[in-house]
Amino acid sequence: MAHTTLPGFRDFYPEQFAERAYVTRAWREVARRYAFMEYDGPPLESLELYTAKSGDEIVGQLYNFVDKGGREVALRPEMTPTFARMVSARANSLRKPTRWFSIPQLFRYERQQKGRLREHYQLNVDIVGEAGVAADAELVACAIDICRELRLTSNEVVVRVSDRRVMHAYLAALGIPSGAFEVVLAVTDKLARQPRAVSAEKLAAAGLNESQVNAVLDITSATLDTVATAIVATSEPGGEHVEELRRFFEYVGTLVPDGAAWLQFDLSIVRGLAYYTGIVFELFDRSGEFRAICGGGRYDNLLGAIGGAALPALGFGMGDVVLTELLRARKLLPVTEPSVDYWLTADEDVPLTKIMAEAAQLRAQGFSVEYALRHQTPSKQRKSANAAGAHSIIHLTNAATAGSHAR
RNA sequence: GUGGCUGUAGCUCAAUUGGUUAGAGCACCGGAUUGUGGUUCCGGGGGUUGCGGGUUCAAUUCCCGUCAGCCACCCCA
């Protein structure tokens, strides 16, 4: 085998391309219903666009190189920097709230494993210029509707929702010093993947007492009511964010028929990215078999931080790899079979130009048409027609009589 | 980047304890056949057994390295 794909890259044969098209079609269709406009940017950007915000350590995860002009460049690992730049450049003239989506191919130089390649397609949906929770609800409703469009149900997928501000208020209510928040968030993020004893040890090392440690370890099961009660009881600020969260749940339940069934309040949702400021969420399959299929949240300070207009913003990303794996496992991917409207067969004394003329006429009417590109026996032609998935066969004879048969 | 498992045809798999020219089904190509569009039959192409070394009279089989895939870390999308 002379050539193969590079590690972590994929060939899309027609069968795989059909799967990808099925998913991207659902993305576009639902995004359109929610009135998002599609945009795109360059797949190659200057390295600085990514290091400026995240620091040099991110370079190890980037697909970067020096181009022939001596520029440090990188294949885009995420869409948000490009999006932020584009929005900032026209921030004053864009109608608010701005609702945009994109389906970029993203790249990351990492060791590949299940659900994680060096390249993937990711739907990015963002809203800019609206600080209220109705925007957060629209975003999550959109993500849920995409799942519904792909025939996933709340039995298979759950949306775990948290809020950075509520989390901070709750930790403060527990009496945990703000200096330990960073460690607590890191441990919380790994609760499901790390042995409980290890988490407990790290929390104790950060200075938490026993009851605080247990409260953090059980944070996944903390309901919005218990969290609200704890915050109110200690008169910690943050009560208004709890109320916002309640409205958020109500809005999503209204926007999606069975919206409430998809939602689950879960403070353990942290999201690695540091720039999130409010409600954050992730979509998981309930079996726990796969990685997160979608994640996002509010990042009100990011646009201002990169030197653009200080506008509130929020968004989510949904990759094709995990989503397609889930659909395949649930047998929700359409079976792809070849299909053509008409297949023209002909007796062997019929000139090829006559067949071509017939094909041209049908194609002009919008039908897909195939025929043998060289002389073959009628028997052989019929076999080819069947293999091509012909809906109808039209047989041409030299007497100019044509007959068609429903398949 | 670290560790574990696995590599035979496009796909799914064979090949006695190491032993002739590495086989089969499906798929593909060609030819017949089928009272007539999913039948059946015949034939064909396609593998330096991932790659490179080593042990041996002899390696798909045993050993080492390397590459790739899968899984778990790391990290995140």
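Every chain is numbered from 1, with letters handed out A, B, ... down the list of sequences.
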Asker: Could you pull out all residues at least two apart from F367(A) that satisfy ring-ring contact (aromatic ring centres under 6.0 Å, His included)?
Answerer: Y342(A)
Asker: Please list all pairs passing the side-chain hydrogen bond (donor to acceptor under 3.5 Å, both in side chains) test where one or both residues lie in residues 10-31 of chain A, with sequence neighbours left out.
Answerer: R10(A)-E119(A), R10(A)-D320(A), E19(A)-R328(A), R20(A)-Y121(A), R28(A)-E38(A), E29(A)-R32(A), E29(A)-R33(A)
Asker: Which value, in whole Å, describes the distance between the C1' atoms of nucleotides A22(B) and A59(B)?
Answerer: 12 Å
Asker: Could you work out, with side chain to side chain contact (heavy atoms under 4.5 Å, CB included) as the rule, every residue matching V340(A), not counting sequence neighbours?
Answerer: W343(A), S368(A), E370(A), A388(A), A390(A)
Asker: May I ask you to say what I293(A) touches in the nucleic acid, namely base, sugar-phosphate or nothing, with a heavy-atom cut-off under 4.0 Å?
Answerer: nothing
Asker: L185(A) has an atom CG; how far is it from atom P of C76(B), in whole Å?
Answerer: 13 Å
Asker: What distance, rounded to whole Å, do you find between the two C1' atoms, one in C26(B) and one in G69(B)?
Answerer: 24 Å
Asker: Is K190(A) near enough to C75(B) that one of its side-chain N or O atoms lies under 4.0 angstrom from OP1 or OP2?
Answerer: yes
Asker: From OH of Y276(A) over to C1' of A77(B), roughly how many Å is that when rounded to an integer?
Answerer: 10 Å
Asker: So, E78(A) and R108(A), do they make that salt bridge, N to O below 4.0 Å?
Answerer: no
Asker: Would you mind telling me which residue lines up with the more 5' stretch of RNA chain B, R382(A) or R116(A), judged by nearest nucleotide?
Answerer: R382(A)
Asker: Whole angstroms only, please: what is the CG-C1' distance between L117(A) and A68(B)?
Answerer: 14 Å
Asker: Could you check L6(A) against E119(A) and say which one's nearest nucleotide on RNA chain B is further toward the 5' end?
Answerer: L6(A)
Asker: Whole-Å distance between C70(B) C1' and R291(A) CZ?
Answerer: 13 Å
Asker: For a quick test of reading the model: is some side-chain N or O of R374(A) closer than 4.0 Å to OP1 or OP2 of G30(B)?
Answerer: yes
Asker: Please work out if Q105(A) contacts a base, only the sugar-phosphate, or nothing of the nucleic acid, heavy-atom cut-off 4.0 Å.
Answerer: nothing
Asker: Of the nucleotides C76(B), U33(B), G69(B), which has the atom closest to the Q112(A) side chain?
Answerer: G69(B)
Asker: Pick the C1' atom in C42(B) and in U34(B), then give their distance to the nearest Å.
Answerer: 15 Å
Asker: Is it true that R298(A) and D163(A) make a salt bridge, defined as a side-chain N closer than 4.0 Å to a carboxylate O?
Answerer: no
Asker: Apply side chain to side chain contact (heavy atoms under 4.5 Å, CB included) to Y109(A) and list each qualifying residue two or more places apart in sequence or on a separate chain.
Answerer: Y63(A), R118(A)
Asker: Would you measure the distance from the C1' atom in C51(B) across to the matching atom in C57(B) and give it in whole Å?
Answerer: 26 Å
Asker: Once ring-ring contact (aromatic ring centres under 6.0 Å, His included) is applied, do any residues pair with Y39(A), and if so which ones, sequence neighbours excluded?
Answerer: F83(A), W100(A)
Asker: Side chain of E110(A): nearest nucleotide among G37(B), U33(B), C75(B)?
Answerer: C75(B)
Asker: I'd like to know if R196(A) pairs up with D218(A) as an ion pair, taking the criterion as any Lys NZ or Arg NE/NH1/NH2 lying under 4.0 Å from an Asp or Glu carboxylate oxygen.
Answerer: yes
Asker: Is there any side-chain hydrogen bond (donor to acceptor under 3.5 Å, both in side chains) pair reaching into residues 169-181 of chain A, and which pairs are they, with sequence neighbours excluded?
Answerer: none
Asker: OP1, OP2 of G30(B) versus side-chain N and O of Q376(A): anything below 4.0 Å?
Answerer: yes
Asker: Which whole-number value in Å describes the distance from R118(A) CZ to G69(B) C1'?
Answerer: 13 Å
Asker: Between C28(B) and C11(B), how far apart are the two C1' atoms, rounded to whole Å?
Answerer: 12 Å
Asker: Under 4.0 angstrom, heavy atoms only, what part of the nucleic acid is G296(A) near: base, sugar-phosphate, or nothing?
Answerer: nothing
Asker: Round to a whole Å and report the spacing from CD of E78(A) to P of C75(B).
Answerer: 18 Å
Asker: Considering residues at least two apart in sequence or located in another chain, which fulfil the side chain to side chain contact (heavy atoms under 4.5 Å, CB included) criterion with A329(A)?
Answerer: F290(A)
Asker: Tabulated below should be each protein N or O lying under 3.5 Å from an N or O of nucleotides 40-46 of chain B; please produce it.
Answerer:
none

Asker: Looking only at heavy atoms, what is the nearest atom pair of E45(A) and T82(A), with distance?
Answerer: OE2-OG1, 2.8 Å
Asker: When you measure from the side chain of P7(A), which nucleotide among C75(B), G37(B), A68(B) comes out closest?
Answerer: A68(B)
Asker: For Y13(A) and C28(B), what is the distance between atoms OH and C1' respectively, to the nearest whole Å?
Answerer: 14 Å
Asker: Using a cut-off of 4.0 Å on non-hydrogen atoms, how would the nucleic acid contact of T345(A) be classed: base, sugar-phosphate, or nothing?
Answerer: nothing
Asker: What interatomic distance, in whole Å, is found between P of U17(B) and the corresponding atom of U12(B)?
Answerer: 26 Å
Asker: Kindly confirm or rule out a cation-pi arrangement of R99(A) over F36(A), judged by NZ or CZ under 6.0 Å from the six-membered ring centre and within 45° of its axis?
Answerer: yes
Asker: On a whole-Å scale, what distance lies between the P atoms belonging to G19(B) and U61(B)?
Answerer: 11 Å
Asker: Using side chain to side chain contact (heavy atoms under 4.5 Å, CB included) as the criterion, list what pairs up with E240(A), not counting sequence neighbours.
Answerer: none
Asker: List RNA chain B stems (3 or more consecutive Watson-Crick/G-U pairs, under 3.5 Å)?
Answerer: B:1-7 with B:67-73, B:10-13 with B:23-26, B:28-32 with B:40-44, B:50-54 with B:62-66
Asker: In whole Å, what separates the C1' atom of A24(B) from that of U8(B)?
Answerer: 13 Å
Asker: Q61(A) CD to C74(B) C1': how many Å, rounded?
Answerer: 9 Å
Asker: Can you list everything that forms a side-chain hydrogen bond (donor to acceptor under 3.5 Å, both in side chains) with D40(A)? Sequence neighbours excluded, please.
Answerer: R76(A)
Asker: Taking only N/O atoms, report every protein-nucleotides 1-5 of chain B pair under 3.5 Å with atom names and distance.
Answerer:
from, atom 1, to, atom 2, distance (Å)
U2(B), O4, R111(A), NH1, 3.4

